[in-house]
Amino acid sequence: MNYYNFHDSTINVLGDFPCAGQEAKQFTLVKDDFNIITHSELYGKRCVLYSFLSVDMPICAESVREFNRLAYRMKDVEVICISIDTPFTLNRFCQREGLDYITIASCFSSSEFSLDFGVKIDNPMFSGFTTRAVLCLDEHGLITHSQIVKDINQLPDYDSVISALCPAID
């Protein structure tokens, strides 16, 4: 069990968050168009898996927008932003924001995802939500960078993501 900060109190996060050097676990998610995306579709691609609480939280919305900007710059990297939000909510958000460079997906029907990836919040106020975390994967599904954001009010370290995947990008 890990502990993370939220408004000067701690929350528990369940599962074992993977470290660099480990192979990413299998997963199945639902994209905003209700198509399924699985881990096997990512083999042969470098990718970012970014989990967050909800697009209805301003800091989460800001981070998803920033990952869309990064995805535009890292054209050969698949960026998947993942939350418990329904596909309807995610689709509406992406349409409104004009987010065309990321894949946005929901883990609402896959309770295993948040526990398998060590991002499941164990707190009555946020039951079922995922904490903010980033995993970078190489073409073989090996984790090259992992970051769990210790304070839910903070943004991920985007520079570390870029360095892990595209060291030549400025």
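Note that the structure is predicted; figures quoted are calculated from it, not measured.
With a 4.5 Å cut-off on side-chain heavy atoms, Phe113 and Ile82 count as touching. Proximity of Leu53 to Ser83: side-chain heavy atoms (C-beta onward) are nowhere separated by under 4.5 Å. You'll find the side chain of Asp33 stays beyond 4.5 Å of the side chain of Pro87, heavy atoms only. Between Phe117 and Phe17, the closest side-chain pair of non-hydrogen atoms is not below 4.5 Å. Counting only heavy atoms from C-beta outward, the side chains of Leu70 and Ile162 approach each other to under 4.5 Å. With a 4.5 Å cut-off on side-chain heavy atoms, Leu99 and Ile104 do not count as touching. Contact of the Val13 side chain with the Thr130 side chain is not registered, since no non-hydrogen atoms from C-beta on lie closer than 4.5 Å. Between Leu135 and Val48, the closest side-chain pair of non-hydrogen atoms is not below 4.5 Å.
With a 6.0 Å radius and a threshold of 12 heavy atoms from other residues, nucleotides or ligands, Gln26 has its CD atom at or below the threshold.
Taken to the nearest 0.5 Å, the NZ atom of Lys25 stands 13.5 Å off from the CG atom of Leu49. Distance check: Thr144 OG1 to Asp138 CG gives 6.5 Å after rounding to the nearest 0.5 Å. Here CG of Leu137 is found 12.0 Å from NZ of Lys45. Values are rounded to the nearest 0.5 Å. Rounded to the nearest 0.5 Å, atoms CG (Leu142) and SG (Cys136) are 11.5 Å apart. Distance check, rounded to the nearest 0.5 Å: NZ of Lys120 to OG of Ser51 gives 13.5 Å. A distance of 12.5 Å separates CG of Leu29 from CG of Asn35, quoted to the nearest 0.5 Å.
Side-chain heavy atoms closer than 4.5 Å link hydrophobic residues (I, L, V, M, F, W, Y) into clusters, and following such links, possibly through other members, connects Tyr158 to Ile59. There is a path of hydrophobic side-chain contacts, each under 4.5 Å, that joins Leu155 to Leu165. Linking ILVMFWY residues whenever their side-chain heavy atoms come closer than 4.5 Å, directly or via other members, places Val30 and Phe129 in the same cluster. Both Val119 and Ile37 belong to a common hydrophobic cluster when Ile, Leu, Val, Met, Phe, Trp and Tyr are linked at side-chain heavy-atom distances under 4.5 angstrom.
Both tests pass for Lys75 against the ring of Tyr72: distance under 6.0 Å to the centre and angle within 45° of the axis.
Panel note: side chain Gln147, backbone Asp157; a donor-acceptor pair is recorded below 3.5 Å. The main-chain N or O of Asp151 is never found under 3.5 Å from a side-chain atom of Gln154 such that the two would form a donor-acceptor pair. Not one N or O on the side chain of Glu97 forms a donor-acceptor pair closer than 3.5 Å with the backbone of Cys94. With hydrogens and angles ignored, the 3.5 Å screen pairs no side-chain donor or acceptor of Ser127 with any backbone N or O of Asn123. For Thr38 (side chain) and Thr28 (main-chain N/O), no donor-acceptor pair under 3.5 Å exists by modelled atom type. With Ser63 contributing its side chain and Cys60 its backbone, the two residues share a donor-acceptor pair below 3.5 Å. Side-chain N or O atoms of Ser146 include one that pairs as donor or acceptor with a backbone N or O of Pro18 at under 3.5 Å. Under the 3.5 Å distance criterion, the side-chain polar atoms of His39 are matched with a main-chain donor or acceptor of Phe27.
Scanning for side-chain hydrogen bond (donor to acceptor under 3.5 Å, both in side chains) contacts around Asp76 gives Arg46, with sequence neighbours left out. For Glu78, the side-chain hydrogen bond (donor to acceptor under 3.5 Å, both in side chains) test picks out Thr103, with sequence neighbours left out. Residues passing the ring pair (Phe, Tyr, Trp, His ring centres under 6.0 Å) test with Tyr50, sequence neighbours excluded: Phe52, Phe67.
Annotation: Phe108 is not in aromatic contact with Phe88 [ring centroid separation under 6.0 Å not met].
In this structure, Arg132 and Pro156 approach most closely via the heavy-atom pair CD-CD, 3.7 Å. Scanning both residues, Thr131 and Val149, for their nearest heavy atoms gives OG1-O, 4.4 Å. In plain terms, the two heavy atoms of Ala164 and His145 that are nearest each other are CB-CB, 3.5 Å. Across every non-hydrogen atom of Ile84 and Gly128, the tightest pair is CD1-O, 3.5 Å.
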Leu90 vs Val55, side-chain contact (heavy atoms from CB on, under 4.5 Å): CA-CA, chis, key distance, verdict: CA-CA 7 Å; Leu90 295 172; Val55 293; 3.9 Å; yes
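In summary, the side chains of Thr89 and Thr86 do present a donor paired with an acceptor at a separation below 3.5 Å, with no hydrogens or angles considered. Side-chain atoms of Asp85 and Ser54 form a donor-acceptor pair, as typed in the model, at a separation below 3.5 Å.
Using a 4.0 Å cut-off between a side-chain N of Lys or Arg and a carboxylate O of Asp or Glu, Arg65 and Glu62 do not qualify as a salt bridge.
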